[in-house]
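In what follows, a single structure is set out as structure tokens and then discussed.
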Number of protein chains: 2
Amino acid sequence: MPSATVEDYIKQIYLISDQIGIKEVAMGRVADALGVVPGTATTMVKALAAAGLANYAPRVGVSLTGQGHVLALHVLRRHRLIEQFLVEQLGYDWSEVHEEAEQLEHVISERLLERIDKILGHPTVDPHGDPIPSASGEMSESQLESFLQCPLNKTLRIARIADQNPDFLSYIARSGLNPGASVTITLRDSRAESVQLLARGQQLSMGWGAAAKVLVER
Amino acid sequence: MPSATVEDYIKQIYLISDQIGIKEVAMGRVADALGVVPGTATTMVKALAAAGLANYAPRVGVSLTGQGHVLALHVLRRHRLIEQFLVEQLGYDWSEVHEEAEQLEHVISERLLERIDKILGHPTVDPHGDPIPSASGEMSESQLESFLQCPLNKTLRIARIADQNPDFLSYIARSGLNPGASVTITLRDSRAESVQLLARGQQLSMGWGAAAKVLVER
DNA sequence: GTCTTTACTTTGATTTTGCTAAATTATCAT
DNA sequence: ATGATAATTTAGCAAAATCAAAGTAAAGAC
Ligand SMILES: [Mn+2]
Ligand SMILES: [Mn+2]
Ligand SMILES: [Mn+2]
Ligand SMILES: [Mn+2]
């Protein structure tokens, strides 16, 4: 069995690689994501490579092997199903489930996981709109647009918030931008790197960085 | 934060001490309960003592300090509430919850625990009939009698099975001796160390050892 | 093209938890 | 008492995960 630490490294490598769309993830990013000093990341990634979960090229970066990819999706499935369960069945707020899932994902049994999946009716997305990989390890490639790409002056549905930071999430929640809510982008100014939008009847403005993290569908 | 290992040692020391009603627990028993070699138990117990959780007397045994006692009850509360939750809300069988709780007890947050407690309506016993310590760390001292002490030819209610072994538990379940079920002890033969009983209309017989682990109330 | 800054790797140490095998102590039977 | 047996402790070692600090390589600045 992979340790909780190994699972977190593999998951994080997957997530970073997926997010910036690059295969080789730099060690610095890995260290950052896991909150360790760079030397620790180097050592651990070498161990992951020795275990056949990753490919490591010094001074280039790390990528997942097939085996590592499979593990990453399993961990992600556990994480996201747990989040969904906490919200649906235990009255958690979607902005506060991440930390709890971060721990539970490593100890929950296959049996409990599948029971949760069944109770929830085999959900395909978690409370943040993140897709949940299937038991067999497939994940839907969603074609969502962010606030930076979507059409203006059209009513759109918030589909996903691509960030786990509790501060950001509770700002999103307080602004009525939860997954499922409706928005209209009224203006996008690329020189000011700012986006104007209308949600819950309120006028709001967000900067490029934050706007990129909110994904919508029509 | 105490590690999962420390929590398990402390919990086990509490349980053994409680069970045999002796303050100083021998190292051999600790090692057995935790599935480690005796030398490992000695080393760990010394560490527990250094951390102020236990008192260790070489060649005599280990006992809990006040601090250790508080921790033991917290862990036990988590363990038993989780077991109850798995049975009540997730359709687990009471004979198969122990292993799952053994892991979850170390990672569940205070917040999740209290939410579970509330959803279950603040239960006082777990699926095995084991008492659940309160949030403030009090546990009811129950006055239950075992099959070896209870009166004969009276209808009694099974209140608790004092053993976590899945094999034993599923034998109990299959015999219709779940907590809550009714039994009548029809005969006790001390020379044969055997007990005859009637449950679910079936005649059964158990040996001293097994009979001592089934507790009843009137 | 050299120089400086930044990113990354190496080395050596530490903590926690475990093992094996040898040494020690206590207990029990004779 | 004495020797055998059982329980416990010690000593020495190892794996996993981490850090601090020093060394090395690559990239960007001038
Ligand atoms: Mn995690
Ligand atoms: Mn999520
Ligand atoms: Mn445990
Ligand atoms: Mn129990």
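Please read these numbers as outputs of a predicted model, since none were measured by experiment. Proteins get letters first, then strands, A, B, ... in listed order; numbering begins at 1 in each.
- Position along DNA chain D of the nearest nucleotide to A/T40 versus B/R59 favours B/R59 as the more 5'-ward residue.
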Report task. Show your reasoning for whether side chain to side chain contact (heavy atoms under 4.5 Å, CB included) applies to B/C150 and B/R188. Result -> CA-CA 10 Å; B/C150 64; B/R188 205 146 43 205; 4.0 Å; yes
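- Using a 4.0 Å heavy-atom cutoff across all strands shown, A/G28 reaches sugar-phosphate atoms only and no base atom.
- Proximity of B/S3 to the phosphate of C/dT17: a side-chain N or O atom is located under 4.0 Å from OP1 or OP2.
- Taking atom CG on A/D8 and atom C1' on D/dT18, their separation rounds to 15 Å, with Å as the unit.
- For C/dT16, the OP1/OP2 oxygens have no side-chain nitrogen or oxygen of B/Y9 closer than 4.0 Å.
- Taking 4.5 Å as the limit, some side-chain heavy atom of B/L177 sits within range of a side-chain heavy atom of B/V183.
- If you take CG of B/D32 and P of C/dG18, they are 15 Å apart, rounded to a whole angstrom.
- No hydrogens or angles considered: a donor-acceptor pair under 3.5 Å links the side chains of A/S134 and A/S136.
- We find that CE of A/M44 is positioned 12 Å from C1' of D/dA15, with the value rounded to whole Å.
- Of the N and O atoms on the side chains of B/H98 and B/H128, not one donor lies less than 3.5 Å from an acceptor on the other residue.
- Here A/P58 lies in heavy-atom contact (under 4.0 Å) with sugar-phosphate atoms only.
- Looking at heavy-atom distances under 4.0 Å, B/V36 makes contact with sugar-phosphate atoms alone, never a base.
- Spacing between atom CD1 of B/I10 and atom P of C/dT17 amounts to 11 Å, rounded to whole angstrom units.
- Atom NE2 of A/H106 and atom P of D/dA17 are 12 Å apart (whole Å).
- The nearest whole Å value for the distance from the CG atom in B/L53 to the P atom in C/dT16 is 13 Å.
- Residue A/A26 is classed as a sugar-phosphate contact, given heavy-atom separations below 4.0 Å to backbone atoms only.
- The distance from atom CG of A/L48 to atom P of D/dT18 is 11 Å, rounded to the nearest whole Å.
- Annotation: of the two residues near DNA chain C, A/Y56 and B/V6, the 5′-most nearest-nucleotide partner is A/Y56.
- The residue from B/E7, B/H74, B/Q84, B/E105 that alone fulfils the side-chain hydrogen bond (donor to acceptor under 3.5 Å, both in side chains) condition with B/H79 is B/E105.
- A/K46 places its NZ atom 4 Å from the P atom of C/dT10, with the value rounded to the nearest Å.
- For A/T43, the listed nucleotide lying nearest its side chain is D/dT18; candidates were C/dT17, D/dT9, D/dT18.
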